[in-house]
Q: 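Please find one structure pasted underneath; my questions will follow.
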Amino acid sequence: MAAIELEIDGEKIVKEAGVRAVDVVPVPGNALAVWVSGQTLDLNRPLAAGGNLHFLTFDDSAGRHVFRHSSAHLLAQAVKRLWPEAKLGTGPALEDGFYYDIWLPEPLTEKDLPRIEKMMRKIVAENHAIERLELSRDEAMALFRDRGESFKEEIVARIPDDAVISAYRQGDFVDLCSGPHLPRTGLIGALKLTQVSGAYWRGDEKNPMMTRIYGTSFPDQEGLDKHLAAIEEAKLRDHRKLGAQLNLFTFREEAPGFVFWYPKGQQLYRRLENFSRQLQEVRGYQEVATPWIYRSALWERSGHWDHYRDDLFLIHRDDEVQGVKPMNCPGHCLLFKSETRSYRDLPWRLAEYSPLSRYERSGALHGLMRVRGFHQDDAHLFVRPDQIREEMFGVLDLVDVVYRTFDMAYEVVLSTRPEDYMGELALWNRAEEELEEVLKARGLKYQINAGDGAFYGPKLDIYAVDSLGRRWQCATVQLDFQLPEKFELEYIDQDGQPKRPVMIHRAIMGSIERFLGILVEHYAGAFPLWLAPVQVRVLPITDNQHEYAGVVAQALREAGIRVEVDARNQKIGYKIREAQVEKVPEMLVVGGRDADSGTVSLRTREDGDVGALPLAEYVQAVAERARMH
RNA sequence: GCUGGCGUAGCUCAGUCGGUAGAGCAACGGUUUCGUAAACCGUAGGUCGUCGGUUCAAGUCCGACCGCCAGCUCCA
């Protein structure tokens with residue numbers, strides 16, 4: 001056998017070809033798989049050629065992926081033992097767990113999960129070696145036919161001719177899989193099945209419904225416990241739950257998908273909207289308001305009728321059909337057209353916060369995150385082609401200010417020309433180049449999703465990262481070369497000739513409803529002082545301090561602070577508890593001592609009792625704190 | 001929209017075998033006047049999601065519909 005040279009952590013060793021990574025691993029316990037020459041391989045896979053070996057552990061995302069993928073196989077093996085007539089679909093690893101789609105003769109419920117977990121643990125204890133098999137297509141077909149795995153046969157049939165067909169065996173179980181996998185089932189130290197639901201085979205409603213079982217797994221119990229605690233934390237932060245507890249909003253079955261804002265929620269909502277107005281005014285945006293119902297001819301012209309019709313709320317009156325707007329762009333195009341525009345008028349930046357409606361399918365509705373009636377911090381920029389770069393720069397600046405204000409990091413994805421693009425290729429190329437230049441000029445790291453742009457222009461999607469590390473797509477910036485065509489928009493250029501402007505669709509928060517939902521979860525309902533619907537609550541200790549509490553509140557109101565007095569006949573501990581539960585940022589306890597000396601005893605949501613200070617001093621300080629954002 | 005689960009007081013939930021509705025919190029009334037996370041006593045509150053069916057009798061069993069939850073799908 002030929003000798004091959006392997007490099008591990010900078011050290012070179014020479015071995016015979018066919019040596020396995022597991023034979024040369026420096027720390028045997030931790031390694032789950034190996035990264036060599038651009039691919040992850042099983043530790044047991046014989047190495048044909050030399051190269052740089054990097055051993056993957058649970059700390060590597062690729063290592064976790066292998067671990068969870070093997071966990072999915074373990075799940076399938078357990079289910080097959082319990083229900084031999086089960087037929088396997090597919091079972092991939094997820095970001096922090098795994099699932100397996102399995103056809104079963106009877107539906108499962110969560111009550112069945114402990115039984116399956118128990119069987120999984122048994123198979124872990126049996127500690128089977130996990131072994132890779134390479135098969136010809138005929139062998140693979142025969143193998144899965146014998147086992148009654150009709151879905152697997154279907155997958156085998158779809159594998160391209162030049163691909164290697166592999167399967168993995170562990171004890172009595174074999175699954176079609178390209179791998180890689182853990183060397184032994186015994187490595188899966190802690191696991192939990194989390195939920196069960198339905199999913200169509202290959203994601204198509206016309207196909208049979210499979211049972212999808214979700215789970216997660218870790219090398220040890222500690223990791224699993226931490227993960228489950230994090231899930232609990234996320235549940236506690238669920239904006240639907242907090243929204244009800246904090247009296248921000250509610251939903252009613254009389255209007256599914258539409259929000260009822262309570263005064264405190266509306267206060268927050270207005271705050272966000274005004275924050276956006278304030279930023280945009282400074283940057284030369286002009287706010288407009290355009291109609292919210294248009295005759296169908298408008299939607300035909302804009303292209304919505306063809307592409308978006310099922311999502312429109314339609315109104316049939318007087319033998320004609322009208323549609324409630326799902327977005328503002330057509331209205332803004334009509335405004336642009338209403339006068340002759342000069343090249344000097346551009347860029348023209350139109351902002352609008354009007355209500356928008358989209359008929360989301362009933363199963364898609366989800367609290368504030370997916371509604372049928374909403375508003376966006378929407379704007380359209382009508383620009384000359386030579387202005388694209390500078391305007392994009394300005395938009396990204398706005399994005400940066402907004403997300404920094406809410407203490408959120410963000411990630412940018414550039415989506416480029418799809419195959420079915422429309423418009424001039426030269427314009428596309430130039431625009432894409434300029435977008436990249438702007439991203440680089442701003443020092444932003446970005447990913448490219450080649451071919452994922454809209455047919456009418458390339459776009460930037462911006463993902464906000466919240467305090468739990470979750471990503472939310474909020475801001476989006478889309479160049480549009482098509483809508484100006486459809487609406488025959490023109491400006492008169494310097495040379496006296498009519499030219500076609502480019503449109504930039506952009507939203508920073510996106511849907512303000514949804515953004516507020518994200519903020520509720522991001523802050524766990526404890527909004528920073530400048531946003532909090534009630535900034536200060538005054539808590540008189542007895543009825544004797546009601547008059548003084550009124551004086552305190554009035555002084556704060558005059559300083560622009562949103563303040564409430566809790567004048568109920570309750571003990572101070574009760575009032576404090578309630579204010580804490582409602583996450584009021586600052587509480588002022590006022591008793592006889594304070595009334596006599598003109599002080600307030602400050603207690604903050606985060607730090608508890610701070611102590612007494614003169615009223616005037618507090619008013620000035622809190623007004624200062626409330627300004628910072 | 002599809003599959004599964006759920007729907008009882010404002011909220012969180014109990015309600016056995018089909019026999020006619022229950023608790024805590026909140027609300028309201030009273031007592032208490034209190035210094036940093038829940039005082040005490042009392043009162044009131046229900047078309048058991050809606051409609052239909054089975055039954056002497058339905059919160060409970062059956063069907064349809066509505067809404068919510070999870071997932072799928074969708075999100076030009």
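Throughout, a chain's letter reflects where its sequence line sits, starting with A, and its residues are numbered from 1.
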Q: So which nucleotide from B:rC68, B:rU73, B:rU36 ends up closest to the side chain of A:I576?
A: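 Per side-chain heavy atoms of A:I576, the pick is B:rU36.
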Q: Taking the side chain of A:F455 as heavy atoms from C-beta outward, which of B:rG35, B:rA37, B:rA76 is closest to it?
A: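 Of B:rG35, B:rA37, B:rA76, B:rA76 is nearest to the side chain of A:F455.
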Q: Got a donor-acceptor contact below 3.5 angstrom from the A:H239 side chain to the A:L368 backbone?
A: yes
Q: Out of B:rC74, B:rA70, B:rU36, which has the shortest distance to the side chain of A:I572?
A: B:rU36
Q: Contacts to RNA chain B from residues 593-604 of chain A, heavy-atom cutoff under 4.0 Å, which residues?
A: A:R593, A:D594, A:S601, A:R603
Q: Using atom P in both nucleotides, what's the gap between B:rA14 and B:rC61 to the nearest angstrom?
A: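 B:rA14 and B:rC61 have their P atoms separated by 15 Å.
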Q: For A:Q580 and A:A454, take the nucleotide of RNA chain B holding the closest heavy atom to each; which residue's nucleotide lies nearer the 5' end?
A: A:Q580
Q: Backbone N or O of A:S217 within a donor-acceptor pair of the A:R68 side chain at under 3.5 Å?
A: yes
Q: Please name the pair of heavy atoms, one in A:V584 and one in A:Q535, separated by the smallest distance, quoted to 0.1 Å.
A: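 Nearest heavy atoms, A:V584 then A:Q535: CG1-O, 4.0 Å.
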Q: In this structure, are over 12 heavy atoms from other groups packed under 6.0 Å from A:E85 atom CD?
A: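 Enclosed.
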Q: When the C1' atoms of B:rG4 and B:rU8 are considered, how many whole Å apart are they?
A: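 22 Å, rounded to whole Å.
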Q: Could you please spell out the steps behind the ring pair (Phe, Tyr, Trp, His ring centres under 6.0 Å) verdict for A:W472 and A:Y463?
A: CA-CA 5 Å; A:W472 304 92; A:Y463 292 82; over 10 Å; no
Q: Let me have RNA chain B in dot-bracket notation, would you? Count Watson-Crick plus G-U wobble pairs, both distances under 3.5 Å, and use [ ] for pairs crossing earlier ones and | for inter-strand partners.
A: (((((((..((((.....[..)))).(((((.......))))).....(((((..]....))))))))))))....
Q: Between B:rG59 and B:rU50, how far is it from one C1' atom to the other, in whole Å?
A: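 It works out to 14 Å between them.
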Q: Distance between the P atoms of B:rC25 and B:rA38, in whole angstroms?
A: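 So the two P atoms sit 14 Å from each other.
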Q: Looking only at side-chain atoms of A:R577, point me to the closest of B:rG67, B:rA38, B:rG1.
A: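 The answer is B:rA38.
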Q: More 5' along RNA chain B: A:D609 or A:T542, using each one's nearest nucleotide?
A: A:T542
Q: Between B:rU33, B:rC74, B:rC68, which nucleotide has the shortest distance from any of its atoms to the side chain of A:R370?
A: B:rC74
Q: A:R537 pairs by salt bridge (charged side-chain N to carboxylate O under 4.0 Å, His left out) with which of A:E582, A:E578, A:E586?
A: A:E582
Q: Atom pairs, N/O to N/O, protein against nucleotides 39-41 of chain B, distance under 3.5 Å?
A:
| residue | atom | partner | partner atom | Å |
| --- | --- | --- | --- | --- |
| B:rA39 | N7 | A:Q570 | OE1 | 3.4 |

Q: Can you check the distance between B:rU3 and B:rG63, where both ends of the measurement are the P atom (answer in whole Å)?
A: 15 Å
Q: When the C1' atoms of B:rG46 and B:rG15 are considered, how many whole Å apart are they?
A: 14 Å
Q: Using atom C1' of each nucleotide, how far apart are B:rA9 and B:rA23 to the nearest Å?
A: 11 Å
Q: Over 60° means perpendicular and under 30° means parallel, so classify the ring planes of A:F515 and A:Y403, tilted if in between.
A: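 Ring orientation of A:Y403 relative to A:F515: tilted.
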